[in-house]
Amino acid sequence: MVEAAHQQQPPALVFDAARLSGQADIPQQFLWPADESPTPDAAEELPVPLIDLSGGAADAEVVRQVGEACELHGFFQVVNHGIDQALLAEAHRCMDAFFTLPLHEKQRAQRRQGESCGYASSFTGRFASKLPWKETLSFRYHSAAAAAADGGVADYFVEKLGEEYRHHGEVYGRYCSEMSRLSLEIMEVLGASLGVGRAHFRRFFEGNDSIMRLNYYPPCQRPYETLGTGPHCDPTSLTILHQDDVGGLQVFAAGRWRSIRPHAGAFVVNIGDTFMALSNGRYRSCLHRAVVNSRVPRRSLAFFLCPEMDKVVRPPGELVDANSPREYPDFTWRALLDFTMRHYRADMRTLEAFSNWIRHGHGHHL
């Protein structure tokens, strides 16, 4: 059910990790219903392929493995991806430095209502229950040639947090540039696996306008009654996630929740709703969540590949025929992002709800 766009907002409840992470008595808004709460059996590992990218996008075995994973549940891991380990380590160090700041300093980058970027100490401006046990910092990355070499990321950090955070911005600008490069390589593999050629999706995403998110999940004394991130499918196109060694990512596959364990040097990749639409439903955007634990914090770096804002999302003609009619209407990423920011809390039915929203006349501006 789509939420009213202008409903009365509940009063803000600030998530202060320094205060809440040691408490057993936590605000009711963070507790999840018993039938949605994590259970110990979900710690069982979900087998996902560990794909070696050293042979490039033309490697037939890579294409086969990715295609199989994407038809099954949309998750796989990649190694030998060419990302510098020193850059990865510095990205984690800068993330630690930010999230250990006093709350009032982090709030200089506070996310505003209806926006997708900024610091969020929970989505308390929009929702009165089932709040995520986490803090995030999100920012945009523009790969367009006209943008700065770092996609404008350093300017964002300086504008929001001050000149002393330019280094953070430069690190994340380089990191996003590398994630964009890796995303385009994976798009070549996806195109080959779908039979539309390596160039099709690479071209579509070359001018990507993507989102980078730093996630911090503090310890919680009630880990089986809370969730770091609730069950959802990513509305974006492709997610490339680097977990620390703590673990906490769980995927709903074959009717139950299972975990994707961290693998040193690997990135977890999953299909999002926008690419599911581009594949005409052939590849799955799968339900997943993040759990927390009572002992240590968990951190992750998530790069969400997105097309340019006003690029029309429609599958290539080779994927549409009498046996495979169009699954979803044409849309722009701007329209879907706005829908998830203003009208609908992302869940397993986001793309279906959005498609119905368009079909009922809300997509007339496309």
Side-chain angles (χ1 to χ4, degrees), residues 1 3 7 9-46 73 75 95-96 99-100 103 106 111 119-138 213-234 239 241 243-262 268 270 286-300 302 340 344-350:
M1 180 177 167
E3 300 175 35
Q7 66 182 23
Q9 298 296 340
L13 175 66
V14 175
F15 181 91
D16 185 350
R19 187 173 59 84
L20 289 176
S21 61
Q23 295 184 2
D25 183 20
I26 63 176
Q28 189 71 27
Q29 294 95 324
F30 291 98
L31 301 179
W32 286 64
D35 61 338
E36 296 181 60
S37 299
T39 52
D41 63 319
E44 182 187 336
E45 187 168 3
L46 175 71
H73 47 53
F75 273 83
M95 179 164 51
D96 285 346
F99 284 119
T100 52
L103 181 63
K106 291 179 284 192
R111 181 191 299 188
Y119 169 73
S121 51
S122 219
F123 300 97
T124 47
R126 295 179 62 200
F127 309 113
S129 64
K130 299 197 294 189
L131 296 178
W133 189 265
K134 67 175 178 181
E135 297 175 72
T136 61
L137 179 64
S138 307
R213 180 167 299 154
L214 317 179
N215 297 305
Y216 176 69
Y217 303 94
C220 181
Q221 302 311 306
R222 297 169 74 172
Y224 293 117
E225 298 171 78
T226 52
L227 281 170
T229 303
H232 68 286
C233 296
D234 294 337
T239 303
L241 178 79
Q243 308 188 74
D244 62 14
D245 59 3
V246 175
L249 173 63
Q250 297 185 344
V251 176
F252 192 76
R256 62 196 180 99
W257 289 102
R258 282 181 286 180
S259 296
I260 295 186
R261 298 194 196 285
V268 180
N270 68 273
C286 192
L287 196 64
H288 55 285
R289 68 186 184 187
V291 299
V292 294
N293 67 69
S294 59
R295 302 178 312 281
V296 291
R298 173 181 179 251
R299 304 164 187 84
S300 67
T340 61
Y344 194 87
R345 185 176 191 170
D347 61 14
M348 65 186 298
R349 295 175 296 275
T350 305

Take L227 and V291, measure what side-chain contact (heavy atoms from CB on, under 4.5 Å) needs, and give me the verdict at the end.
CA-CA 5 Å; L227 281 170; V291 299; 3.9 Å; yes
Decide yes or no on side-chain contact (heavy atoms from CB on, under 4.5 Å) for R298 and L249, but give the supporting numbers first.
CA-CA 10 Å; R298 173 181 179 251; L249 173 63; 3.9 Å; yes
Taking all non-hydrogen atoms of both residues into account, name the closest pair between [X] and [Y] and its distance.
X	Y	result
W133	C220	NE1-CB, 3.4 Å
C233	C286	SG-C, 3.6 Å
N215	F99	C-CE1, 4.2 Å
V296	N293	N-OD1, 2.8 Å
T229	P132	CA-CB, 4.3 Å
G230	H232	O-ND1, 2.8 Å

A side-chain contact here means heavy atoms from C-beta on lying under 4.5 Å apart; do [X] and [Y] qualify?
X	Y	answer
S294	P219	no
Y217	S300	yes
L20	P27	yes
L137	K106	no
W32	P38	no

Drop me the distance from [X]'s [atom1] to [Y]'s [atom2], to the nearest 0.5 angstrom.
X	Y	atom1	atom2	value
Q250	S259	CD	OG	4.0 Å
E135	L103	CD	CG	7.0 Å
T226	Q221	OG1	CD	10.0 Å

If we count only N and O atoms by modelled type, under 3.5 Å, do the side chains of H288 and D234 hold a donor and an acceptor together?
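Yes, D234 and H288 have a side-chain donor paired with an acceptor closer than 3.5 Å.
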Just by distance, no angles: are the side chains of R261 and Q243 close enough, under 3.5 Å, to form a donor-acceptor pair?
no
side-chain hydrogen bond (donor to acceptor under 3.5 Å, both in side chains) involving D96 - partner list, sequence neighbours excluded
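Scan of D96 (side-chain hydrogen bond (donor to acceptor under 3.5 Å, both in side chains), adjacent residues dropped) gives R299.
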Test side-chain contact (heavy atoms from CB on, under 4.5 Å) on T136 and R111 and set out the steps.
CA-CA 10 Å; T136 61; R111 181 191 299 188; 3.9 Å; yes
A quick test of your reading: do over 12 heavy atoms of other residues, nucleotides or ligands sit less than 6.0 Å from CG of D41?
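Yes, enclosed.
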Can you confirm whether Q28 is buried at CD, in the sense that more than 12 heavy atoms of other residues, nucleotides or ligands lie under 6.0 Å from that atom?
no
Once salt bridge (Lys or Arg N to Asp or Glu O under 4.0 Å) is applied, do any residues pair with R222, and if so which ones, sequence neighbours excluded?
E225
Checking Y119 against L214 for the side-chain contact (heavy atoms from CB on, under 4.5 Å) test, could you report, in this order, the C-alpha distance in whole Å, the side-chain angles of both residues, the deciding distance, and whether it holds?
CA-CA 9 Å; Y119 169 73; L214 317 179; over 6 Å; no
Is there a donor-acceptor contact under 3.5 Å from the side chain of E45 to the main chain of R258?
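Answer holds: no.
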